[in-house]
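Lettering follows sequence order; numbering is per chain, from 1.
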There are 4 protein chains.
Amino acid sequence: MAQVEKVQKSQNDKRQRILEGALKAFARKGFYNTKVSEIASEAGVADGTIYLYFKNKDDLLISLFEDRMEWVIERLETELADSPGDVFEKLRQVVDMHFKLALEEPDLAEFITVELRQSAKFMKEYKNPRFLDYLRILERIVEVGQEQGVIRKDIDPRLFGRALFGALDEVLLTLTFSKNHQVEEKTRQVADLFIEGLRAR
Amino acid sequence: MAQVEKVQKSQNDKRQRILEGALKAFARKGFYNTKVSEIASEAGVADGTIYLYFKNKDDLLISLFEDRMEWVIERLETELADSPGDVFEKLRQVVDMHFKLALEEPDLAEFITVELRQSAKFMKEYKNPRFLDYLRILERIVEVGQEQGVIRKDIDPRLFGRALFGALDEVLLTLTFSKNHQVEEKTRQVADLFIEGLRAR
Amino acid sequence: MAQVEKVQKSQNDKRQRILEGALKAFARKGFYNTKVSEIASEAGVADGTIYLYFKNKDDLLISLFEDRMEWVIERLETELADSPGDVFEKLRQVVDMHFKLALEEPDLAEFITVELRQSAKFMKEYKNPRFLDYLRILERIVEVGQEQGVIRKDIDPRLFGRALFGALDEVLLTLTFSKNHQVEEKTRQVADLFIEGLRAR
Amino acid sequence: MAQVEKVQKSQNDKRQRILEGALKAFARKGFYNTKVSEIASEAGVADGTIYLYFKNKDDLLISLFEDRMEWVIERLETELADSPGDVFEKLRQVVDMHFKLALEEPDLAEFITVELRQSAKFMKEYKNPRFLDYLRILERIVEVGQEQGVIRKDIDPRLFGRALFGALDEVLLTLTFSKNHQVEEKTRQVADLFIEGLRAR
DNA sequence: TATGAATGAGACTTCATTCAT
DNA sequence: AATGAATGAAGTCTCATTCAT
């Protein structure tokens with residue numbers, strides 16, 4: 001491995017460790033109740049090290065969003081791209097993945113579920129572009145379905161995207177609280193609810 | 001009016017003013033970014049006075065939830081009780097009222113939208129019973145519809161309640177951000193989406 | 001004493017105690033080596049109290065200048081106003097008072113001697129108007145002497161003011177270091193030096 | 001050039017570059033507001049490198065004094081040694097050089113003007129011997145003048161040195177602030193002021 | 001009951017210094 | 001000798017809460 005790569009790897013490594021520590025801490029106690037020193041000790045670095053990689057605590061929060069949402073979106077897009085199914089099948093996959101991810105990455109789920117809105121609202125300058133990307137994926141599926149005539153045309157795709165995300169997010173909140181029972185059944189129900197609601201008759 | 005009542009009225013009055021000040025401030029800047037002194041000045045009382053009516057800042061937040069949710073639920077229940085319509089009509093009314101309220105009381109909408117989850121999550125001992133009451137209203141409607149055979153029986157009423165609330169909440173978030181255009185059309189679409197999703201076939 | 005006066009007295013009292021604590025601490029260790037908490041404990045108040053009276057540490061420094069220089073200038077002006085002597089006698093008085101003050105208020109002397117320049121230089125927006133007032137007093141004496149024809153006209157009064165202040169300030173620095181011996185003799189010598197230098201021939 | 005010398009030259013070179021970087025930075029922002037990393041980047045070396053040549057930041061400050069004062073004193077002594085003039089002429093030369101140097105090396109002037117006192121005061125163990133050397137030059141001139149009978153004997157040479165340095169220093173402070181106009185005229189006036197003040201009658 | 005000045009614990013952040021490379 | 005990423009001690013300032021009036 002070349003010297004340059006090695007350095008970059010170690011840098012990314014430390015940055016990643018901090019992001020992971022932050023995720024864990026934010027998930028557990030929320031942004032405002034988490035001390036920078038807690039993130040540092042969770043990440044196994046000194047307090048000051050965090051400021052080598054992030055401008056301040058807010059920047060760390062935003063970076064964490066960017067990083068994790070990017071990852072989520074990539075996964076979602078890859079899976080959808082491979083999907084042979086129709087639009088309803090794709091919607092089912094979205095719901096499925098949403099829940100599956102939440103089970104695999106409970107910290108991430110808690111984090112997004114709880115902190116997304118706060119940050120959306122109070123870090124005025126931050127537009128949260130990754131989240132908009134996520135919504136756009138949902139919109140596209142509905143648009144395609146409408147073009148194909150299988151989805152009713154009187155539903156605004158953008159509104160649908162918000163509604164579905166909101167529903168998933170809120171249900172997730174309960175899932176992460178309780179011990180995640182019957183997730184598959186819940187996945188089916190939520191997917192069904194929205195699919196039947198969308199279907200053109 | 002008897003002396004005792006008068007005193008109690010004035011007490012309630014000051015308590016209410018504090019709650020209103022808090023609502024305004026929390027809506028604008030969020031719980032953690034709002035100083036107790038800001039609430040006090042918004043309410044026109046001294047900082048210390050707040051501690052005569054509330055144990056601490058957390059207690060103020062919780063009390064605000066209690067107070068406002070109670071009011072919302074009462075209104076919802078009254079309206080639904082008077083309603084002559086079937087369960088789908090009732091669902092439509094719920095969605096309608098949710099949005100109508102948000103337009104009438106934008107501070108309340110922002111507040112619930114943004115703070116509900118944080119508080120749910122990080123004030124561990126607080127179970128937010130009023131919110132559960134709200135969900136129970138939705139559950140009841142679905143249950144009745146299932147008994148009547150007009151709503152499919154493979155949907156868990158509790159899950160549905162969460163999903164609907166989540167959807168409404170998220171859509172509201174966008175409404176309060178943007179200048180609330182075409183609310184009625186959005187109301188119809190969201191209601192339709194869920195009603196068609198629920199309908200037994 | 002009326003209520004209002006009492007409150008104002010107590011406020012001024014605390015403000016004064018903080019200024020005195022700051023003067024003592026700055027004189028001993030310099031602005032940058034003095035912790036806010038040291039000033040607080042010197043003043044017998046809590047750390048946070050300082051921020052009720054001053055915006056921040058810089059503001060405290062500037063306020064201290066303002067306050068003390070105002071006091072010095074008032075004293076100097078009063079004494080000069082009463083003085084029956086000619087301009088040379090007045091200059092002698094200025095030098096005399098400068099040293100006398102430094103003996104009476106060694107902390108103030110150390111403080112001005114050491115911190116004046118730093119603050120002049122690095123608090124760019126702060127113009128130190130009181131110090132300029134002080135210099136203007138010196139200028140005026142020279143101008144009067146020039147009008148009377150007893151002081152040579154080829155000396156710029158403003159330049160003279162600076163030079164005399166600088167000389168006094170530097171000599172003071174040595175005085176406050178060493179145990180202030182023979183102050184009167186030194187006063188005479190410095191006064192003589194400048195007076196003979198100024199005298200028209 | 002032998003290997004050893006070459007190494008030493010390169011060492012000196014880096015040391016000098018650090019001193020120059022420090023001078024520039026201290027002049028601009030003052031000792032306490034200058035970060036070691038700023039000095040390093042000004043000097044074009046790594047932060048850590050500074051600690052190969054200086055024990056710590058304080059040591060760097062002191063070394064800078066030593067280095068620059070030594071240079072100033074050498075220049076002053078050389079010029080005075082060559083001077084054919086009498087003591088008054090020599091004093092004139094001192095004043096002249098003081099100002100001339102400040103124009104040639106404005107960073108050095110700002111640095112000495114602002115930092116000399118702080119450091120004198122708060123680095124207790126440091127006696128600033130170079131500065132004392134500088135004063136001694138002034139003292140010697142006065143002593144010689146007194147022996148020759150051209151300077152009044154009732155002036156303490158040491159006191160005079162301080163006073164002259166203080167005056168020059170303070171006037172310089174104004175010069176470096178404002179755009180250095182009429183320096184020669186000011187030189188003449190200050191020199192005259194002190195010479196006439198000293199002259200035996 | 002009401003006030004608001006005072007408190008002081010504690011958070012974020014900086015930066016001189018170190019040390020593995 | 002040189003680097004610069006990492007450290008962590010320490011300082012400024014905030015703000016929820018108290019309490020004398």
DNA chain F: B/Y51 or C/Y51, which has the more 5' nearest nucleotide? C/Y51
Minimum-distance nucleotide to D/A46 side chain [options: F/dA16, E/dA16, F/dT3]: F/dT3
Round to a whole Å and report the spacing from CD1 of B/I39 to P of E/dG4. 17 Å
Let me spell it out: for each of A/G48 and C/V45, pick the nucleotide of DNA chain E with the closest heavy atom. Which residue's pick is nearer the 5' end? C/V45
Find the distance A/I18:CD1 to F/dA5:P and express it as a whole number of Å. 13 Å
side-chain N/O D/Y53 vs F/dA1 OP1/OP2, d < 4.0 Å: no
Of all the heavy-atom pairs spanning C/I39 and C/G21, show the shortest one and how long it is. CG2-C, 4.1 Å
Rounded to the nearest angstrom, tell me the gap between atom CG in C/D59 and atom C1' in F/dT12. 14 Å
Does NZ or CZ of A/K14 lie under 6.0 Å from the centre of the six-membered ring of A/Y53, at an angle within 45° of the ring axis? no
When you measure from the side-chain N and O atoms of D/K14 to the phosphate of F/dA2, is any distance below 4.0 Å, counting only OP1 and OP2? yes
Just how far, in rounded Å, is P of F/dA1 from CZ of D/F54? 13 Å
Would you kindly give the CD1-to-P distance between D/I50 and E/dC15, to the nearest whole Å? 14 Å
For E/dG8, the Watson-Crick or wobble partner whose two distances fall under 3.5 Å: F/dC15
How do A/G44 and B/K35 order along DNA chain F: which one's closest nucleotide is nearer the 5' end? A/G44
Determine, for D/K29 against D/E38, whether the closest basic-nitrogen to carboxylate-oxygen distance falls under 4.0 angstrom. yes
Mind calculating the distance between OH (A/Y32) and P (F/dT14) to the nearest angstrom? 17 Å
Atom CZ of C/R17 and atom C1' of E/dT7 are separated, to the nearest Å, by 13 Å
Test your reading of the model: is there a side-chain donor-acceptor pair from C/T49 to the backbone of C/V45, 3.5 Å cut-off? no
Give one of base, sugar-phosphate or nothing for C/S41, where a contact means two heavy atoms less than 4.0 Å apart. nothing
5'-most by nearest nucleotide on DNA chain E - B/L52 or A/K57: B/L52
Looking just at side-chain N and O atoms, do C/N128 and C/E66 make a donor-acceptor pair shorter than 3.5 Å? no
Sort out the partner of E/dT3 for me: Watson-Crick or G-U wobble, both distances under 3.5 Å, none otherwise. F/dA20
Rounded to the Å, how far apart are D/D47 CG and F/dA5 C1'? 10 Å
